[in-house]
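In what follows, every chain begins at residue 1, and chains take the letters A, B, ... in the order their sequences are listed. Keep in mind that this is a model prediction, so the values were computed, not measured.
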Number of protein chains: 2
Amino acid sequence: MSCTITLQQKGYRLTPQRMMVLDIIHDSKGHISAEEIHQRVRQRYPFVNISTVYRTLNLLKKLHLISETDMGEGYVRYELLERGRHHHLVCRRCGQSFAFEHESLKPLQARLLKEYGFAADLDHFAIFGLCQRCRPAEGKAGAREESQRGDD
Amino acid sequence: MSCTITLQQKGYRLTPQRMMVLDIIHDSKGHISAEEIHQRVRQRYPFVNISTVYRTLNLLKKLHLISETDMGEGYVRYELLERGRHHHLVCRRCGQSFAFEHESLKPLQARLLKEYGFAADLDHFAIFGLCQRCRPAEGKAGAREESQRGDD
DNA sequence: GTTGCAGTTGCAATGAGTTGCACAATAACA
DNA sequence: TGTTATTGTGCAACTCATTGCAACTGCAAC
Ligand SMILES: [Mn+2]
Ligand SMILES: [Mn+2]
Ligand SMILES: [Zn+2]
Ligand SMILES: [Zn+2]
């Protein structure tokens with residue numbers, strides 16, 4: 001896989017721990033949490049520490065091989081970037097998540113570059129808001145009554 | 001101030017703790033951290049707990065009276081929303097932050113609404129990337145050598 | 001080979017933020 | 001006013017993630 005090559009080319013060691021983390025991210029279909037990665041790594045080799053998993057994830061993130069995204073669950077999720085650029089819309093009411101193409105962010109990216117000379121890292125966004133179904137409901141409700149999830 | 005009225009109108013109590021937190025956010029000029037708020041609250045009344053500060057901030061956030069933003073410092077910062085909508089570009093290399101007008105995000109907001117029926121909460125974004133000055137530097141460097149901040 | 005050294009790991013401690021729970025404060029109602 | 005229901009707070013325990021440090025690894029120079 002291309003990640004391992006990139007890692008070595010940049011002068012980082014391809015340790016067993018890093019290989020295991022990479023394998024598991026590759027095998028996982030969608031977004032995966034650090035805890036899930038750690039558990040699967042430990043099935044193969046039980047002595048790998050969670051801090052090593054986090055350090056590996058931070059390294060892969062720095063190299064833009066994976067994305068780190070807060071989907072509003074209280075912990076972050078990771079995903080391979082080589083699997084096509086896309087982003088997500090997360091409904092703050094029902095919690096559902098909808099993917100959308102990177103295409104929709106390209107005009108913004110171009111504008112930030114042109115107006116401010118800023119090259120934005122638009123790897124994998126999670127944009128919060130109200131989905132089509134929840135939008136009418138929220139407008140009506142007096143915000144206090146009938147709150148779906150146990151907030152505040 | 002309008003925040004206190006909103007709070008009461010929505011049926012929330014205007015407790016001394018909440019008033020102190022609101023006061024401090026109003027008095028602070030830019031973005032402020034929970035820890036800073038807590039310290040200033042304690043100068044007035046030393047028995048307020050940090051969890052009450054966090055709970056108040058989460059409430060104000062839910063009501064869209066303040067924004068909560070990760071500016072890449074390892075903790076989040078809060079800012080009054082009534083002080084004009086804007087966002088920030090944060091350079092991942094030099095750490096500098098540049099404000100930009102909400103105007104630049106409006107086309108995206110419109111597009112998400114039109115294409116996906118999704119009403120995005122674009123309260124106060126921090127978009128990471130490379131600023132004008134750092135952009136040339138990053139392209140050249142082999143990523144490993146001469147890394148400014150003590151990463152990985 | 002063995003010495004030197006940068007890179008990496010495990011472990012324990014720490015930091016930021018949240019949560020369960022008992023109690024306090026306030027509102028609602030008689 | 002007294003009684004009860006609701007909301008909010010303090011505290012301690014907890015979760016997710018990061019960090020300092022000592023020990024270990026792989027590699028190159030001597
Ligand atoms: Mn995704
Ligand atoms: Mn701001
Ligand atoms: Zn929804
Ligand atoms: Zn910069």
Check your understanding: Expressed in angstrom and rounded to an integer, what is the separation of B:Y12 atom OH from C:dA25 atom C1'?
Key -> 18 Å
Practice item. Using whole Å, report how far CG of A:L59 lies from C1' of D:dT19. Key: 16 Å
**Study point:** Set of salt bridge (Lys or Arg N to Asp or Glu O under 4.0 Å) partners for B:R85, sequence neighbours left out
**Key:** B:D123
**Study point:** A:L7 CG to D:dG26 C1', straight-line distance once rounded to whole Å
**Key:** 15 Å
Review point. Of all residues at least two apart in sequence or in a different chain, which pass the salt bridge (Lys or Arg N to Asp or Glu O under 4.0 Å) check with A:D70?
Key: none
Exercise for review: Specify whether A:H87 and A:F125 have parallel, tilted or perpendicular ring planes, treating 30° as the upper limit for parallel and 60° as the lower limit for perpendicular.
Suggested key: perpendicular
Study note, to complete from the structure: B:D70 atom CG is separated from D:dC16 atom P, nearest whole Å, by 18 Å
Point to revise | Residues in side chain to side chain donor-acceptor pair (under 3.5 Å) contact with A:R13, at least two apart in sequence or another chain | key: none
Review point. Just how far, in rounded Å, is C1' of D:dT9 from CZ of B:R42?
Key: 15 Å
Point to revise | Length of the CD1-P vector between A:I37 and D:dC16, whole Å | key: 14 Å
Review point. Which whole-number value in Å describes the distance from B:Q8 CD to C:dT26 C1'?
Key: 12 Å
Review point. Rounded to the Å, how far apart are B:M20 CE and D:dG8 P?
Key: 15 Å
Revision key, fill the gap. With B for base contact, S for sugar-phosphate-only contact and - for none (protein heavy atoms under 4.0 Å), nucleotides 16-24 of chain C reads SSBBB----
Check your understanding: Between B:Q17 and D:dG10, does any side-chain N or O lie under 4.0 Å from OP1 or OP2?
Key -> yes
Review point. Could you give all pairs that pass the ring-ring contact (aromatic ring centres under 6.0 Å, His included) test and reach residues 31-63 of chain B, with sequence neighbours left out?
Key: B:H31-B:H88, B:H31-B:H124, B:Y45-B:F47
Point to revise | Under the side chain to side chain donor-acceptor pair (under 3.5 Å) test, residues paired with A:E115 that sit two or more places apart | key: A:R111
